[in-house]
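For the numbers below, each heavy atom of this structure counts, side chains included, while hydrogens, waters and symmetry mates do not.
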Amino acid sequence: HADSSLFQGRTWCIVPPPEADPNAVRLVTQLAADTGASTLEIDAAAHDRAVAAVSHLPFTAAAALADAVICGEVFERAAPIAGTGLRDMTRLASGDATMHRDIVLTNRDNLVASLERYVACLQDTLALLRRLPPADSADESPAAAEIGDYFASLKRARDAWLDRT
């Protein structure tokens, strides 16, 4: 099942220790380039913070969402109407449990920091929702405009990120 394009357009993090031989770093960088990958030279601490945010947090969030919804009381009855959104949002929860346990054990503090930021964002979203008036009058309220602006700004931010990838 070899795939010659496996690393095409992907990023390799080069995390050399301070005492690394510059020739060895160049060799690894060239190997990445030869596979079609780009490289990002980064120190170990910055790498661990970054992957906690862009890899470990999404898995953990997907697992928590699966717990809240799929393992929730109403899911058996609601499952027939669950659509692709739930499937997409919880896909990562089907990842290798042993691997993710080991990731959590080795990068716990950075994941905790990322989760704390995520929880703060969820709390901010919850506060916006709580400011909404009853459903029959929500369209014209300042709170409705505020949450609409919030969602629109996040869409712009995500779309801009996707345009760069």
Side-chain angles (χ1 to χ4, degrees), residues 1-13 15 32 35-40 42 46-139 141 143-165:
H1 298 286
D3 182 353
S4 63
S5 65
L6 181 65
F7 297 112
Q8 196 76 34
R10 304 293 183 204
T11 301
W12 282 26
C13 290
V15 187
T35 68
S38 60
T39 60
L40 173 65
I42 187 170
H47 170 273
D48 290 352
R49 284 189 304 274
V51 296
V54 302
S55 178
H56 311 155
L57 173 61
F59 168 80
T60 307
L65 182 60
D67 186 14
V69 177
I70 298 169
C71 298
E73 295 174 12
V74 300
F75 187 68
E76 188 172 323
R77 184 148 171 85
I81 61 172
T84 57
L86 181 64
R87 182 171 304 150
D88 292 347
M89 291 292 297
T90 59
R91 178 185 62 82
L92 296 175
S94 291
D96 184 279
T98 301
M99 179 185 73
H100 286 289
R101 180 206 61 207
D102 292 347
I103 285 169
V104 167
L105 291 173
T106 60
N107 202 19
R108 183 200 67 184
D109 293 343
N110 289 307
L111 178 55
V112 166
S114 290
L115 275 167
E116 286 172 341
R117 170 148 169 70
Y118 182 54
V119 167
C121 291
L122 287 172
Q123 289 172 332
D124 290 346
T125 304
L126 185 57
L128 287 171
L129 292 171
R130 285 185 171 142
R131 286 197 293 273
L132 289 172
D136 57 356
S137 62
D139 288 346
S141 76
E146 186 178 6
I147 199 157
D149 291 345
Y150 173 69
F151 290 150
S153 72
L154 296 173
K155 178 189 181 331
R156 286 190 302 274
R158 183 176 187 275
D159 290 350
W161 165 63
L162 291 175
D163 287 344
R164 293 188 306 268
T165 60

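To the nearest 0.5 angstrom, T11 atom OG1 is 10.5 Å from I42 atom CD1. Rounding to the nearest 0.5 Å places CG of L122 at 11.0 Å from CZ of R117. Atom CG of L128 sits about 7.5 Å away from atom CZ of F151, to the nearest 0.5 Å. Rounding to the nearest 0.5 Å places CZ of R130 at 11.5 Å from OG1 of T125. Here OG1 of T106 is found 10.0 Å from CG of L111. Values are rounded to the nearest 0.5 Å. Atom-to-atom distance recorded for Y118:OH and T60:OG1 is 10.5 Å, nearest 0.5 angstrom.
When side chains are defined from C-beta on, T35 does not count as touching L6, because their heavy atoms never get closer than 4.5 Å. Residues I70 and L86 are in side-chain contact: their nearest non-hydrogen atoms beyond the backbone lie under 4.5 Å apart. In this structure, the side chains of H56 and V104 stay at 4.5 Å or more apart for every pair of heavy atoms. When side chains are defined from C-beta on, T90 does not count as touching V69, because their heavy atoms never get closer than 4.5 Å. A 4.5 Å side-chain heavy-atom check between T98 and R101 finds at least one atom pair inside the cut-off.
Heavy-atom minimum distance, S141 versus P133: OG-CD, 3.3 Å. The minimum heavy-atom distance linking A32 with T39 is given by the pair CB-CG2, 3.4 Å. Listed here is the closest heavy atom pair of H100 and G95: CD2-C, 4.1 Å.
Other residues, nucleotides and ligands contribute at most 12 non-hydrogen atoms within 6.0 Å of the CD1 atom of I81. Environment of CZ in R108: sparse, with no more than 12 heavy atoms of neighbouring residues, nucleotides or ligands closer than 6.0 Å. Annotation: Q8, atom CD; neighbour count of heavy atoms from other residues, nucleotides and ligands within 6.0 Å is above 12.
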For residues 156-165, please give each side-chain donor-acceptor pair under 3.5 Å, one per line with the distance, not counting sequence neighbours.
from: D159; atom 1: OD2; to: K155; atom 2: NZ; distance (Å): 2.4
from: R164; atom 1: NH1; to: A160; atom 2: O; distance (Å): 3.4
from: T165; atom 1: OG1; to: L162; atom 2: O; distance (Å): 2.8

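Listed for the S55 side chain is no donor-acceptor partner under 3.5 Å among the backbone atoms of A52.
In this structure, the side-chain contact (heavy atoms from CB on, under 4.5 Å) partners of L92, at least two apart in sequence or on a different chain, are P58, F59, A62.
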